[in-house]
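Right, one structure below, let's go through it.
Source: prediction; values computed, not measured. Positions are given from 1 along the sequence.
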Amino acid sequence: MIQLLFTLLSAEVGVVVVLLFKTPLRKLAILGLDRLKRGRGPVMVKTVAGTVLIVLASSVYSMAKIRSQSTEIGSLTPTDQVLMSRHLLESSLMGYSLFLALIIDRLHHYIRELRGLRKNMEAVMKQNRALEETKSGGSDELKSRDKDITNLNEQIKQLKLELEASTKEAKAAEANATALRKQSEGFLLEYDRLLEDNQNLRNQLQSIDLRLSQSDSKKNT
């Protein structure tokens, strides 16, 4: 389970990095996400996300149950410490995976929106240049064309404002993704430390079991 979550988290970090930088891989990633959002793709994604949420809730409930038992006993047993560390690691990985999936969805949305705004702006600017080049004739025609040019200029300003707002949102999403990637790197180090603590706790349990068995054998003799 933990290895699967680490693989999923690494894949999501890779997709985020690909979307952040303008490379040929970004086009492939966008095409893949476009196909994923068509047909049965959204249903599958929602099903997987719902399953992960259920497992996450189960892990959180297990941690709360272990906490309640420890308050009754007075302290955590070595076995409870191992189980607590495992549930904490699984829940953290699932939470990061869901957050990265949301970041990927938002980045894909902003990139598509920016492309659409740029295409609309280019079309409006071409119409504006065509009207300015063909500006001739009677005064009435000139007035109507001036109105068209004014309207087009207003549309260009509005599109520029929308483009700036979308660019700011995309930059904010990129900053969040970069910070999350740094957190995931630190989490890998924490995972190694937890594995070492887990091994130490197992060794302690084995030594305790050995002492108990030796004491039982002495009592029998």
If you define the side chain from C-beta out and look only at heavy atoms, does anything of [X] sit under 4.5 Å from [Y]?
X     : Y      : result
Met63 : Ile66  : no
Val43 : Lys46  : no
Leu28 : Leu25  : yes
Leu33 : Asp105 : no

Would you confirm whether [X], through its side chain, and [Y], through its main-chain N or O, come within 3.5 Å as a donor-acceptor pair?
X      : Y      : answer
Asn153 : Ile149 : yes
Ser58  : Ile54  : no
Ser207 : Gln204 : yes

- Does atom CE of Met84 have more than 12 heavy-atom neighbours, drawn from other residues, nucleotides or ligands, at distances under 6.0 Å?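 Counting neighbours around CE of Met84, more than 12 heavy atoms of other residues, nucleotides or ligands fall under 6.0 Å, so yes.
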
- If you count the non-hydrogen atoms of other residues, nucleotides and ligands that lie under 6.0 Å from NZ in Lys171, is the total more than 12?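 Incorrect, the count does not exceed 12.
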
For [X] and [Y], work out which heavy atoms get closest and say how close.
X      : Y      : value
His108 : Ile30  : NE2-O, 3.8 Å
Leu19  : Arg26  : O-NH2, 2.9 Å
Ser59  : Met94  : OG-CE, 3.7 Å
Ala29  : Val18  : CB-CG1, 3.9 Å
Met121 : Ile156 : CE-O, 4.4 Å

Under 4.5 Å between side-chain heavy atoms, hopping through other hydrophobics if needed: is there a path connecting [X] to [Y]?
X     : Y      : answer
Leu8  : Phe99  : no
Phe21 : Ile111 : yes
Leu4  : Tyr96  : no
Val52 : Val16  : yes
Leu53 : Ile104 : yes

- Message: Can you tell whether the side chains of Lys126 and Glu122 come within less than 4.0 Å, N to carboxylate O?
- Response: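 No salt bridge links Lys126 with Glu122.
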
Drop me the distance from [X]'s [atom1] to [Y]'s [atom2], to the nearest 0.5 angstrom.
X      : Y      : atom1 : atom2 : answer
Lys65  : His87  : NZ    : NE2   : 10.0 Å
Leu107 : Leu102 : CG    : CG    : 9.5 Å
Asp34  : Arg112 : CG    : CZ    : 4.5 Å
Thr47  : Arg40  : OG1   : CZ    : 11.5 Å
Leu9   : Ser97  : CG    : OG    : 4.5 Å

- Assess whether salt bridge (Lys or Arg N to Asp or Glu O under 4.0 Å) is satisfied between Glu90 and Arg86, documenting all intermediate values. CA-CA 6 Å; Glu90 289 179 352; Arg86 184 178 181 85; 3.4 Å; yes

- Message: Against Glu162, only a single residue in Asn120, Leu117, Thr167 fulfils side chain to side chain contact (heavy atoms under 4.5 Å, CB included); can you say which?
- Response: Leu117

